[in-house]
Chemist: 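Attaching a single structure in structure tokens format; questions to follow.
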Number of protein chains: 2
Amino acid sequence: MKVLIVEDDPLHRSYLHEAVRAALPECDTVLEAENGHAGEVQARQSRAEHVVMDLQMSERNGIEAARTIWRERPDTKILFWSNYSDEAYVRGVARIVPEGATYGYVLKSTSDERLKLALRGVFIESQCVIDREVRGIQQKSLGTAHGLSDAEYEILVDVALGLTDKAIAQRKKLSLRSVQNRLQQLYEKLDVYDEPGNGPEGWYNLRMRAVAVALLRKVLNASALERGERELRSARGN
Amino acid sequence: MKVLIVEDDPLHRSYLHEAVRAALPECDTVLEAENGHAGEVQARQSRAEHVVMDLQMSERNGIEAARTIWRERPDTKILFWSNYSDEAYVRGVARIVPEGATYGYVLKSTSDERLKLALRGVFIESQCVIDREVRGIQQKSLGTAHGLSDAEYEILVDVALGLTDKAIAQRKKLSLRSVQNRLQQLYEKLDVYDEPGNGPEGWYNLRMRAVAVALLRKVLNASALERGERELRSARGN
DNA sequence: TCTTGTCTTGCGGGAATCCGCAAATTTTGC
DNA sequence: GCAAAATTTGCGGATTCCCGCAAGACAAGA
């Protein structure tokens, strides 16, 4: 059994290496890669079916890397090991998990014991192991109260990239007014309307404020923006 | 001699602890804090004059913590030790360094040797030690070509927070048109005008696109946004 | 003093936004 | 198969943004 570790921080990498050795005696080979791109190459060459992957890496982040790995071998078991549980990350991972694939998502702040359990659970028992806190974010993002639907989230990304309503309408094949409707839903869910009494009204540019709030709440993050920008550019130059 | 380490990652914290022990035999006490807030408290209680500080921590980030520490004792020597050299961080640090204070800024990816040199340089020799790469960012942010002036940067933050032109004008005590002028400078420097030929014109909402570009280039980051938001709220409720 | 350059401000208009209203269309539930 | 609910779309307008143009304000320098 082979395990591939994709992690850019040397300290965390060697810690993970130790943890894998300790938790998985049946593992005979541990490979390492120091960024997403190297990880893809390694996974392809070594045919490793078990991957521990950091999200947030320079060069190429974990979500991108996981997506190409899964595209080539959808039965690869991937355990995401991340510092943060930003809704943007959770959503990003959920978007790329293939049908029926087994994966895990644990935070770097979890105990050695729980990391061990996750390693065995995902790699040996083929269970999906999601950290408690991550699970909470997942739930929240589905709740209709504050949670954004996929449609709303996509609009949010387009807006955040700086596209005009017209451009979004064209991209999403919708009428101008529909895009604006979606935007209004966003404004309500993100609660960007300045309540009267809190200074004069009209303090906020709603479009910009919505993005700011999404960033502050980690519904969006830099990684999601970069992903969107790449997609935008590739769609442009088709 | 006392050294305070403020770092939320346990692995990095113990690594730093070792590095300090090895580089500074004249140091008899090493204290640790696991987030910015605890760091402030520790610094106050222990009167440590030498601090190694991570930027990007939850609870309270390094820039905030450093600012309050320096406000209480401006002669404290602080070595910033960070994963990234985002222009937003570099700018954030530069904004809070007191007159004549000595500090350093090294990346976590530097070698043990250079970390050691930085520790001795800042704490013993009272030199300012700035990593090569960080220095590069500093220079670039000053170059008039793409670099934003402080005035432009402040407008950028206000826009990113979602304020309207009118609100910014009021906040900054400028006329509406002056704010819009500053915005136009921003648009030019961030190069948000879609060149003709690249699809139909009017793809971009300039205001939003400027912020998106700033985020993608790391001129802005989530930390800077949070700082801005806090200032905004405190200014509101005065 | 006069010039030159930078910064600020006002005016005006074209374009984009935000959004209420209502009809048309699709989806959902039974 | 049909009615209720949700979504999409068009229209019109108030507001805001974006920006060219030009007139003051201010500082530096010859």
Side-chain angles (χ1 to χ4, degrees), chain A residues 142-145 147-196 199-214, chain B residues 142-145 147-196 199-214:
Chain A
L142 292 180
T144 51
L148 305 186
S149 71
D150 283 355
E152 287 157 355
Y153 181 75
E154 296 214 340
I155 291 276
L156 175 62
V157 174
D158 281 356
V159 169
L161 289 175
L163 297 178
T164 60
D165 293 1
K166 204 194 305 178
I168 298 174
Q170 198 163 323
R171 212 163 130 66
K172 289 282 177 342
K173 305 233 167 81
L174 288 174
S175 76
L176 191 65
R177 190 57 174 89
S178 294
V179 173
Q180 294 175 330
N181 276 338
R182 292 249 233 289
L183 274 177
Q184 279 184 262
Q185 296 169 212
L186 257 184
Y187 299 153
E188 286 192 16
K189 290 204 180 169
L190 292 174
D191 192 28
V192 296
Y193 296 97
D194 43 0
E195 58 274 4
E201 305 190 24
W203 274 97
Y204 289 132
N205 173 322
L206 298 183
R207 160 177 296 248
M208 192 60 251
R209 183 62 184 169
V211 173
V213 169
Chain B
L142 292 179
T144 51
L148 305 185
S149 71
D150 282 356
E152 287 156 355
Y153 181 76
E154 297 214 341
I155 292 277
L156 174 61
V157 174
D158 281 356
V159 169
L161 288 175
L163 298 178
T164 61
D165 293 1
K166 204 197 302 180
I168 298 174
Q170 198 162 324
R171 211 164 130 69
K172 288 283 178 341
K173 305 234 168 79
L174 289 174
S175 75
L176 191 65
R177 190 57 173 91
S178 294
V179 173
Q180 295 176 329
N181 276 337
R182 291 248 231 291
L183 273 178
Q184 279 185 263
Q185 295 169 217
L186 258 184
Y187 298 152
E188 286 193 15
K189 289 203 179 171
L190 292 175
D191 192 29
V192 295
Y193 296 97
D194 42 0
E195 56 274 5
E201 304 192 25
W203 274 99
Y204 288 131
N205 174 323
L206 297 182
R207 159 178 296 248
M208 193 59 250
R209 182 63 183 169
V211 173
V213 169

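Proteins come first, then strands; the chains are lettered A, B, ... in the order of their sequence lines, and each starts at number 1.
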Chemist: Given C:dC18, D:dT9, C:dT8, which nucleotide is nearest the side-chain atoms of A:L206?
Modeler: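 Out of C:dC18, D:dT9, C:dT8, the nucleotide with an atom closest to A:L206's side chain is C:dC18.
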Chemist: Over how many whole Å does the gap from B:D150 atom CG to C:dC7 atom C1' extend?
Modeler: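 Computing the B:D150:CG to C:dC7:C1' distance gives 16 Å.
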Chemist: State which of C:dT17, C:dC18, C:dT8 makes the closest approach to the side chain of A:N205.
Modeler: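 Nearest listed nucleotide: C:dC18.
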Chemist: Select from A:L163 and B:S178 the residue whose nearest nucleotide in DNA chain C is closer to the 5' end of that strand.
Modeler: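 The residue whose closest nucleotide sits nearer the 5' end is B:S178.
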Chemist: If you assign each of B:Q180 and B:K173 to its closest nucleotide in DNA chain C, which residue comes earlier from the 5' end?
Modeler: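 Comparing both residues, the 5'-ward one is B:K173.
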Chemist: Between C:dC19 and A:Y193, is there an OP1 or OP2 to side-chain N/O distance shorter than 4.0 Å?
Modeler: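 Yes, within the criterion.
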Chemist: Give a yes or no on whether the backbone of B:L163 and the side-chain of A:R209 come within a donor-acceptor separation of less than 3.5 Å.
Modeler: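 A pair under 3.5 Å: no.
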Chemist: Is any side-chain nitrogen or oxygen of B:Q184 closer than 4.0 Å to OP1 or OP2 of D:dG20?
Modeler: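 Looking at the OP1 and OP2 atoms of D:dG20, one of them is under 4.0 Å from a side-chain N or O of B:Q184.
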Chemist: Mind checking if B:L176 touches a base, just sugar-phosphate, or nothing, with heavy atoms under 4.0 Å?
Modeler: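 The answer is nothing, as B:L176 stays clear of every strand by at least 4.0 Å.
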Chemist: Does A:R177 get its side chain close enough to the base of C:dG20, under 3.5 Å, for a donor-acceptor pair?
Modeler: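 Side chain to base: pair found, below 3.5 Å.
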Chemist: What is the distance, to the nearest angstrom, from the CD atom on A:Q185 to the P atom on D:dT7?
Modeler: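 Value for this atom pair: 6 Å.
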Chemist: Could you tell me how far apart A:L183 (CG) and D:dT9 (P) are, to the nearest whole angstrom?
Modeler: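 Atom CG in A:L183 sits about 14 Å away from atom P in D:dT9.
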Chemist: Let's see if you can work this out: which of D:dC17, D:dC18, C:dT9 has an atom nearest to the side-chain heavy atoms of B:S175?
Modeler: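 Minimum distance to the B:S175 side chain belongs to C:dT9.
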Chemist: For A:R177 and A:N181, which I'm curious about, is there any donor-acceptor pair between the side chains at under 3.5 Å?
Modeler: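 Checked: A:R177/A:N181 side chains pair up, N/O donor to acceptor below 3.5 Å.
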Chemist: To the side chain of A:R182, which of C:dC11, D:dT8, D:dT9 is closest?
Modeler: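 For A:R182, the side-chain atoms sit closest to D:dT8.
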Chemist: Which pair of non-hydrogen atoms, one from A:L206 and one from A:Y193, has the smallest distance, and what is that distance?
Modeler: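 Result for this residue pair: CD1-CE2, 3.9 Å.
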Chemist: Whole angstrom is fine here: how far is it from CG in A:N181 over to C1' in C:dA24?
Modeler: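 So the CG-C1' distance, A:N181 to C:dA24, works out to 14 Å.
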Chemist: Starting at CD of B:E152 and ending at P of C:dT6, how long is that distance when rounded to a whole Å?
Modeler: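 Nearest whole value for this atom pair: 14 Å.
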